[in-house]
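Beneath this line is the structure, given in C-alpha cells, with notes to follow.
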Amino acid sequence: MSVFYKLRQEKRQTSKNKGKWYARAVVTETVDTTMLANIMQQNCTVKKSDILAVLAELAEVMQQQLQNSKRVKLDGLGTFKIGIRTKAADSPKDFNVQKNVVNTHILFRPETRINKNKSRMRALLDGCKVQELPENKVDKAQKSESGH
C-alpha cells in the first residue's frame, strides 16, 4: 500500500515558485466508522456491533473529557486537546469570554517514536510509502475531491 500523489503546477502569479511542479497527496476514498468496524471484525474475535458500540462510546467519552480541559491520549494514535482562539484584551480585567473568545478547536498531535538512528517517526506514518496515482484511479480520486 502507498499514499498516492498527483503532480500540480503552481499557477499563482504572485508565487515565487510559479510554473514549478509539486506533489499533492490524493485521497481515493473515505473509510467511515462502519467500514473500519468491518475490517476490524475480520482481524479479531470481536463482532462489528461491539466495535461500533465501543467507537460510539469512545467519541462521547472523549468529548466529555476534552470539554473538562483534559488531554486524551490514544496509544498508537496520538493526543487530542481543545484549543481556543481569542482576541487580545488591554488588561486581564478587560478580558471577557463572550467578547474575547473567538472559537474553540481540536488540536491533534500524532504519537511520535524515536527510531534507532535517533530520528523521530510519527506512529501512523511508520512504513509509509508514496507513489504516483495510477491513471485508472484518477477519475475516482477527482470525484472524491469534488465531493461527488
Side-chain angles (χ1 to χ4, degrees), residues 1-41 44 46-115 117-130 132-133 137-148:
M1 286 292 174
S2 296
V3 173
F4 293 124
Y5 70 88
K6 286 179 72 174
L7 292 176
R8 306 266 187 203
Q9 187 175 33
E10 176 61 75
K11 295 180 180 178
R12 292 178 293 174
Q13 296 295 326
T14 57
S15 173
K16 66 179 179 180
N17 294 316
K18 184 177 185 305
K20 294 188 179 181
W21 292 83
Y22 55 94
R24 286 288 183 242
V26 175
V27 173
T28 58
E29 67 181 288
T30 298
V31 179
D32 64 12
T33 307
T34 302
M35 293 169 144
L36 286 173
N38 280 328
I39 295 166
M40 292 166 71
Q41 174 179 256
C44 65
V46 181
K47 292 176 125 189
K48 174 182 159 186
S49 58
D50 296 323
I51 294 167
L52 289 171
V54 169
L55 292 174
E57 184 64 17
L58 174 65
E60 191 174 309
V61 170
M62 282 182 67
Q63 179 183 10
Q64 291 169 353
Q65 296 303 306
L66 290 167
Q67 291 184 19
N68 281 322
S69 211
K70 295 182 181 177
R71 181 186 321 263
V72 175
K73 179 181 181 200
L74 298 179
D75 295 333
L77 186 63
T79 59
F80 299 82
K81 69 178 184 176
I82 291 180
I84 59 175
R85 191 172 131 229
T86 63
K87 292 187 237 178
D90 292 330
S91 70
K93 70 177 185 166
D94 292 332
F95 187 88
N96 176 290
V97 170
Q98 286 75 29
K99 184 176 86 175
N100 294 89
V101 174
V102 175
N103 68 21
T104 56
H105 52 276
I106 296 293
L107 296 167
F108 171 68
R109 175 174 282 171
E111 183 173 300
T112 302
R113 298 182 185 132
I114 298 177
N115 296 330
N117 65 359
K118 306 289 187 211
S119 66
R120 295 179 182 268
M121 171 59 72
R122 303 279 191 223
L124 294 174
L125 298 177
D126 191 17
C128 182
K129 294 176 179 32
V130 177
E132 189 169 10
L133 182 72
K137 294 231 181 203
V138 172
D139 291 333
K140 188 175 183 180
Q142 287 174 343
K143 287 180 184 173
S144 292
E145 288 175 3
S146 65
H148 300 300

Are [X] and [Y] packed together at the side-chain level, in the sense that at least one heavy-atom pair is separated by less than 4.5 angstrom?
{"X": "E111", "Y": "K73", "answer": "yes"}
{"X": "K48", "Y": "T34", "answer": "yes"}
{"X": "T28", "Y": "L133", "answer": "yes"}
{"X": "Y5", "Y": "E132", "answer": "yes"}

Approximate separation, where rounding is to 0.5 Å, of [X] [atom1] and [Y] [atom2]:
{"X": "N38", "Y": "I51", "atom1": "CG", "atom2": "CD1", "result": "8.5 Å"}
{"X": "K81", "Y": "F108", "atom1": "NZ", "atom2": "CZ", "result": "13.5 Å"}
{"X": "L55", "Y": "M62", "atom1": "CG", "atom2": "CE", "result": "11.0 Å"}
{"X": "F80", "Y": "R71", "atom1": "CZ", "atom2": "CZ", "result": "12.0 Å"}

Please name the pair of heavy atoms, one in [X] and one in [Y], separated by the smallest distance, quoted to 0.1 Å.
{"X": "G76", "Y": "R113", "result": "CA-NH2, 4.3 Å"}
{"X": "K87", "Y": "K99", "result": "CE-O, 3.7 Å"}
{"X": "N17", "Y": "E10", "result": "O-CB, 3.4 Å"}
{"X": "D94", "Y": "N100", "result": "O-OD1, 3.8 Å"}
{"X": "C128", "Y": "V3", "result": "SG-CG2, 3.5 Å"}
{"X": "R122", "Y": "T112", "result": "NH1-OG1, 2.6 Å"}

Self-check item: Worked verdict on V46 versus V54 for side chain to side chain contact (heavy atoms under 4.5 Å, CB included)
Solution: CA-CA 11 Å; V46 181; V54 169; over 6 Å; no

Practice problem: May I ask you to decide if S119's main-chain N or O and N117's side chain share a donor-acceptor pair within less than 3.5 Å? | Solution: yes

Quiz item: Would a distance-only check, ignoring hydrogens and angles, find a side-chain to backbone donor-acceptor pair under 3.5 Å from Q41 to K47?
Solution: no

Practice problem: Dump the intermediate steps for side chain to side chain contact (heavy atoms under 4.5 Å, CB included) on V101 and F95, then the final yes or no. | Solution: CA-CA 9 Å; V101 174; F95 187 88; 4.1 Å; yes

Practice problem: In sequence, state the C-alpha distance, the side-chain angles, and the governing distance for I82 and I106, and then conclude on side chain to side chain contact (heavy atoms under 4.5 Å, CB included). | Solution: CA-CA 5 Å; I82 291 180; I106 296 293; 3.9 Å; yes

Practice problem: Run the numbers on H105 and L107 for side chain to side chain contact (heavy atoms under 4.5 Å, CB included), then give the verdict. | Solution: CA-CA 7 Å; H105 52 276; L107 296 167; 3.7 Å; yes

Quiz item: Would you say D90 has more than 12 foreign heavy atoms packed within less than 6.0 Å of its CG?
Solution: no

